[in-house]
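Because the structure is a prediction, the values reported are computed rather than measured.
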Amino acid sequence: MKPFYRPIIKDAWTITRKNVFLWPLALFASVLGTIGTFQVLFDLLSNNAVSVFASTDFITSSFVGWNEAFGLLSISTFTISDIPAFLGLLAIFIVIFGVAVLVISSEGALIYGIKQVLVGKRASFLVSFRAGYDRFWELFFIYMVFKLLSLIIAALLITPLIYLVLSAAPLSRLLISIGVYMIIIPFVIILDLVRRYALMYIMLDEYQTPRLRTFVARMFDAVKKAWLLFKTNWIISLETSVLLLVTTAIWFTLVVLLLIPVITILFIFFGAVVSFSPTAFDLFSLTALITISLVFIMCLSMYTTFQMALWTGVFTHIAEKSHLSKIHRSLAHLPFLHKKIL
């Protein structure tokens with residue numbers, strides 16, 4: 001059987017390495033969450049589930065924060081002397097909304113740019129960003145709808161379970177915590193994967209249903225198709241998520257192992273210099289801060305580009321025709337077990 005993931009991973013790495021114009025888009029898109037599908041699972045170590053879902057990323061935390069701010073304004077007394085403060089608040093809101101437009105449009109632009117590169121077409125930063133900007137409202141509503149679903153799940157399911165954990169006896173708290181975590185995982189992963197596929201249906205015209213002209217019709221059609229795609233290919237989707245998680249762990253380990261000796265040598269060198277010139281410490285601090293920041297930004301941009309390229313590759317393969325998952329292909333060598341399990 002032909003391998004499924006190997007060529008997709010190879011193409012994703014080639015796209016990441018050769019198309020630097022995607023890195024700024026990836027950097028802005030990473031504000032929506034660095035780890036992707038598993039982002040919120042790590043945040044669930046917090047005791048307040050609703051606050052976790054409300055503060056997982058910049059867009060959601062800003063939306064919740066401004067909703068609370070406008071709620072306070074509606075019950076506050078307003079005088080003429082408060083006009084400068086109100087205008088300042090309005091200016092901050094406009095800036096944050098502009099950042100939200102930049103971030104969400106960049107995620108759509110990243111999908112569009114990667115797809116253009118995959119099919120061998122010319123792509124650029126401005127063309128890709130314009131494509132994402134033109135679909136901003138559809139991307140925004142898709143994003144907020146799935147975040148709203150996450151908040152509803154947090155309110156109806158997760159919060160009561162966490163309170164149950166906190167009120168349990170110390171000996172049984174660990175077992176209940178594991179149970180709660182295993183209940184949360186499917187909901188979080190399914191919502192994120194369906195949202196991811198819906199964004200791709202919005203951005204990639206060749207997968208859209210023709211003759212759908214209204215905004216609402218296109219949005220709901222994308223969500224419906226995304227759900228059907230996930231339901232048909234749920235094993236491949238979960239395998240890709242796990243593959244990205246393992247890749248992230250390996251990448252982080254390699255970066256740390258490479259940086260430790262370099263940082264050690266630099267500290268020894270500059271320690272020797274500082275003993276002769278105290279002002280060298282300030283120069284070292286500034287240089288180290290700038291260097292570490294640039295390296296972090298580059299690594300984050302490359303990782304986000306690779307992650308989106310991998311998902312876009314998987315999406316284009318499973319949306320065009322059916323594919324067997326790695327589990328199916330592995331169990332095909334064991335016919336008896338294959339029939340029993342699948």
Quiz prompt | Gap separating the CE atom of Met302 from the CG atom of Leu300, nearest 0.5 angstrom | solution = 11.5 Å
Quiz item: With a 4.5 Å heavy-atom cut-off, do Val223 and Val145 have their side chains touching?
Solution: no
Quiz item: Considering residues, nucleotides and ligands other than Arg17, do more than 12 of their heavy atoms fall under 6.0 Å from its CZ?
Solution: yes
Quiz item: Is the backbone of Leu102 close enough, under 3.5 Å, to the side chain of Ser105 for a donor and an acceptor to pair up by distance?
Solution: no
Self-check item: Closest contact, heavy atoms only, Ala309 versus Ile114
Solution: N-CD1, 3.4 Å
Quiz item: So, Tyr197 and Ser237: side-chain donor and acceptor under 3.5 Å apart, yes or no?
Solution: yes
Quiz item: Do the non-hydrogen side-chain atoms of Met200 and Met308 ever get within less than 4.5 Å of each other?
Solution: yes
Practice problem: Considering non-hydrogen atoms only, spot the tightest contact between Ala26 and Ser301 and give its length. | Solution: CB-O, 3.4 Å
Quiz prompt | Within 6.0 Å of OH in Tyr133, more than 12 heavy atoms from elsewhere | solution = no
Quiz prompt | Distance-only polar pair, side chains of Glu239 and Tyr5, donor-acceptor under 3.5 Å | solution = yes
Quiz item: Hey, are Arg218 and Asp221 close enough for a salt bridge, meaning a charged N less than 4.0 Å from a carboxylate O?
Solution: no
Quiz item: Could you state the interatomic distance from OG1 (Thr232) to CZ (Phe230), rounded to the nearest 0.5 Å?
Solution: 10.5 Å
Self-check item: Separation of Ile15 CD1 from Gln116 CD (nearest 0.5 Å)
Solution: 11.5 Å
Self-check item: Criterion side chain to side chain contact (heavy atoms under 4.5 Å, CB included) on Thr14 and Asn19, from CA distance to verdict
Solution: CA-CA 8 Å; Thr14 303; Asn19 297 275; over 6 Å; no
Quiz item: Roughly how far apart are Lys224 NZ and Leu228 CG, rounded to 0.5 Å?
Solution: 6.5 Å
Practice problem: Take Leu139 and Glu107 through the side chain to side chain contact (heavy atoms under 4.5 Å, CB included) test and state the conclusion after the steps. | Solution: CA-CA 9 Å; Leu139 298 172; Glu107 185 172 29; 6.0 Å; no
Practice problem: Considering non-hydrogen atoms only, spot the tightest contact between Val101 and Phe136 and give its length. | Solution: CA-CE1, 3.5 Å
Quiz item: Hey, mind stepping through Leu243 and Leu310 against side chain to side chain contact (heavy atoms under 4.5 Å, CB included) and telling me if it holds?
Solution: CA-CA 10 Å; Leu243 177 64; Leu310 184 62; 4.3 Å; yes
Quiz prompt | Arg135 (side chain) donor-acceptor with Ile202 (main chain) under 3.5 angstrom | solution = yes
Quiz item: Could you give the distance from OG (Ser293) to CE (Met298), rounded to the nearest 0.5 Å?
Solution: 13.0 Å
Quiz item: Taking it one step at a time, do Thr240 and Phe315 satisfy side chain to side chain contact (heavy atoms under 4.5 Å, CB included)?
Solution: CA-CA 11 Å; Thr240 306; Phe315 172 82; over 6 Å; no
Quiz item: Do the ring centers of Phe129 and Tyr112 come within less than 6.0 Å of each other?
Solution: no
Quiz item: Transitively linked via ILVMFWY side-chain contacts under 4.5 Å: Val119 with Val127?
Solution: no
Quiz prompt | Plane angle bin for Trp13 and Phe306 - parallel if under 30°, tilted between 30 and 60°, otherwise perpendicular | solution = perpendicular
Self-check item: Atom CZ of Phe220: over 12 foreign heavy atoms under 6.0 Å
Solution: no
Practice problem: Would you mind reporting whether Trp234 and Ile189 have side-chain heavy atoms less than 4.5 Å apart? | Solution: no
Quiz item: Do Leu191 and Arg195 come close enough that some side-chain heavy atom pair is under 4.5 Å?
Solution: no
Quiz item: Mind checking whether Tyr201 and Leu229 have side chains closer than 4.5 Å, heavy atoms only?
Solution: yes
Quiz item: Rounded to the nearest 0.5 Å, how far apart are CD1 of Ile190 and CG of Leu149?
Solution: 12.0 Å
Quiz item: Is the backbone of Thr16 close enough, under 3.5 Å, to the side chain of Trp23 for a donor and an acceptor to pair up by distance?
Solution: yes
Self-check item: Thr316 (side chain) donor-acceptor with Gly313 (main chain) under 3.5 angstrom
Solution: yes
Exercise. Please tell me if the side chains of Leu22 and Phe125 come closer than 4.5 Å, counting only heavy atoms from C-beta onward.
Key: no
Practice problem: For residues Ser128 and Leu110, determine if any side-chain heavy atom of one lies less than 4.5 Å from a side-chain heavy atom of the other. | Solution: no
Quiz prompt | Contact check, side chains of Trp311 and Leu193, non-hydrogen atoms, under 4.5 Å | solution = yes
